[in-house]
Number of protein chains: 2
Amino acid sequence: MARPRAFDEGVALGAAVDGFWSQGYGAAGTRDLAARMGLTTASFYNAFGDKRGLFLKALDRYLDEGSRRRFARLDGLAPREAITTYVADVVERSLADPLHRGCLLINSALDVTAQDPDMRDEIAGGLDEIRGFFLRHLQAGQADGSIAASQPAEDLARLFLGVVVAMRVMARVNPDRALLEGMARPALSLLDPR
Amino acid sequence: MARPRAFDEGVALGAAVDGFWSQGYGAAGTRDLAARMGLTTASFYNAFGDKRGLFLKALDRYLDEGSRRRFARLDGLAPREAITTYVADVVERSLADPLHRGCLLINSALDVTAQDPDMRDEIAGGLDEIRGFFLRHLQAGQADGSIAASQPAEDLARLFLGVVVAMRVMARVNPDRALLEGMARPALSLLDPR
DNA sequence: ATTTAATTGGAGCGATCGATACAGAACCGG
DNA sequence: CCGGTTCTGTATCGATCGCTCCAATTAAAT
C-alpha cells in the first residue's frame with residue numbers, strides 16, 4: 001500500500017527516552033530529539049504526533065523497562081527482601097549516574113506538571129505504582145510477621161515512596177552515599193519486628 | 001552624580017522570586033520576568049546582570065524569607081516541637097497551594113542543576129540548611145531525652161530532609177493530605193522515646 | 001505498468017529566546 | 001546652566017522554539 005518506515009519505532013522511542021531523560025521535557029528541543037532518534041522533522045511529527053505525545057509514549061516506555069520490570073522481578077522475593085532490595089537498588093542507581101540524570105518519572109514530576117492535568121495524572125500514576133509495590137509487600141510482610149505491624153502498611157508505603165523520591169532528587173544535587181543510605185536506614189528500621 | 005533608579009530593587013527581586021517560583025528557572029522568560037518586576041529589559045539587565053545572576057539573588061532572597069526565617073522562629077521551641085511543627089507546616093503549605101508551585105528551592109533542584117555546578121552547590125547548600133535544622137533539634141532532643149536515641153541523629157536528620165523534599169514533590173503532582181500526613185507519621189514515630 | 005498511500009528531505013512559518021545597542025531623559029556636583 | 005553619569009525606552013540582534021507544508025521518493029496493491 002505505501003512506503004514503509006525506514007526506522008524502527010521502538011528504537012526511536014528509546015532514543016527519545018534518552019533525550020527527555022538527559023534534558024528534561026521542557027528543555028528537550030524537537031530538533032534535538034529528532035536528531036537523536038535518527039528522524040527528520042517530518043518523520044518525527046508524522047510518527048509521534050507532537051512533543052507532548054512523544055513524551056507520554058516515552059514515559060510509558062521508560063516505566064515499562066524500568067520500575068515495572070523491576071517490580072515484576074522483585075515480586076518473586078520475600079516481602080522484606082523485595083523492599084530492602086529495591087531501596088538498595090535505588091541508592092546504587094542514584095550513585096552510579098555520572099550525568100546526574102536521576103529518574104525520568106520523578107524529574108518530570110517537577111518539570112511537566114505545571115499546567116497540564118493529563119500529564120500530571122500520568123506522572124501521579126507512575127508514582128502510585130511505586131507506592132503500590134511497597135504496599136503489597138508491606139501487607140504481605142505484616143501478614144506473615146516478617147515486618148513490624150506497629151505502623152499501618154499504608155503509611156509505611158507512603159514513607160517508602162517518599163524516601164525513594166527524595167533519594168532521586170537529592171542524588172541529582174548531592175550524590176552522597178552517606179546521605180542516601182542514612183536516609184534509608186531509619187525508614188528500614190521500621191520494618192523490624194519488635 | 002547620576003540618574004537615580006525609578007524602582008525599588010528589593011521589590012523587583014520579590015517579583016522575580018514569584019516569577020521563577022511560578023514558572024521554574026528554565027521556563028521563566030526574561031521578558032516576562034522584567035514585566036513582572038516592572039522593568040524594561042534595559043533596566044533588568046543593567047540592575048541584575050543576567051537571568052542566572054538574577055536567579056541566584058532570587059533564590060537567596062527566597063531562602064531568607066522562607067526557610068531561614070522559619071528556622072529562626074522554631075529554634076526557640078523545644079526540640080521535638082520544633083521538628084513536628086515544621087513538618088506539619090510543610091504539609092499545610094503544600095496543601096494550601098492552589099497553583100501547585102511547591103517550593104522554589106526543591107523545584108530548582110531538578111530544573112537548574114543539569115550543567116551548572118555553581119547553581120547545584122547553591123541549591124545543595126539550601127537543602128543542607130534544612131538537614132541542619134533537623135540535626136540541631138534531633139541532637140538536642142536526644143540529649144534531653146525527649147527524642148529516642150535508637151537511631152543516630154544524623155540519619156534521622158537525613159530522613160526528615162527526605163520526607164520534606166518528597167512532600168514538596170508529591171504535593172505538586174498529587175496534593176493529597178492522606179499521602180503527606182501518612183508519609184510523615186511513621187517518620188515522626190521514630191522520635192518517640194521507648 | 002499504473003494507481004495509491006505513506007514516508008522522507010528540507011525549506012520555512014511565526015513566535016519567542018537571552019542579550020545588546022543606542023538615543024534620550026533625569027539627576028548630581030560644580 | 002552645564003558636564004558627567006547613570007537610568008529608561010525601544011528597536012533589534014542572531015538563535016532557537018514547536019510545528020507545518022510540499023515536492024520527491026518508495027513500495028505494496030491492482
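Residue numbers start from 1 in every chain, and the chains themselves are labelled A, B, ... in the order their sequence lines are given, proteins ahead of strands.
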Under-4.0 Å salt bridge between [X] and [Y]:
X         : Y         : result
Arg131(B) : Asp128(B) : yes
Arg158(B) : Glu154(B) : no
Asp60(B)  : Lys57(B)  : no
Arg93(B)  : Asp97(B)  : no

When you get a sec, tell me which of [options] is the closest nucleotide to the side chain of [X]?
X        : options                  : answer
Ala42(A) : dG9(C), dT20(C), dC13(C) : dG9(C)
Phe7(B)  : dT8(D), dT8(C), dT10(D)  : dT8(D)
Arg3(B)  : dA19(C), dT8(D), dG10(C) : dT8(D)
Lys51(B) : dT8(D), dA19(C), dG18(D) : dA19(C)
Thr30(B) : dA11(C), dA5(C), dG18(C) : dG18(C)

Checking all strands, does [X] fall into the base, sugar-phosphate, or nothing category for heavy-atom contacts under 4.0 angstrom?
X        : value
Ala28(B) : sugar-phosphate
Ala27(B) : nothing
Ala6(B)  : sugar-phosphate

[X] [atom1] to [N] [atom2], straight-line distance once rounded to whole Å:
X        : N       : atom1 : atom2 : result
Tyr45(A) : dG18(D) : OH    : P     : 6 Å
Asp32(B) : dA15(C) : CG    : C1'   : 15 Å
Tyr25(A) : dC17(D) : OH    : C1'   : 12 Å
Phe44(A) : dC21(D) : CZ    : C1'   : 17 Å
Leu33(A) : dT16(D) : CG    : C1'   : 14 Å

Close aromatic pair by centroid cut-off 6.0 Å: Phe134(B) and Tyr86(B): yes

Does a nitrogen or oxygen in the side chain of Arg5(B) sit under 4.0 Å from OP1 or OP2 of dC7(D)? yes

Please determine whether a side-chain nitrogen or oxygen atom of Ser43(B) lies at a distance below 4.0 Å from atom OP1 or OP2 of dT8(D). yes

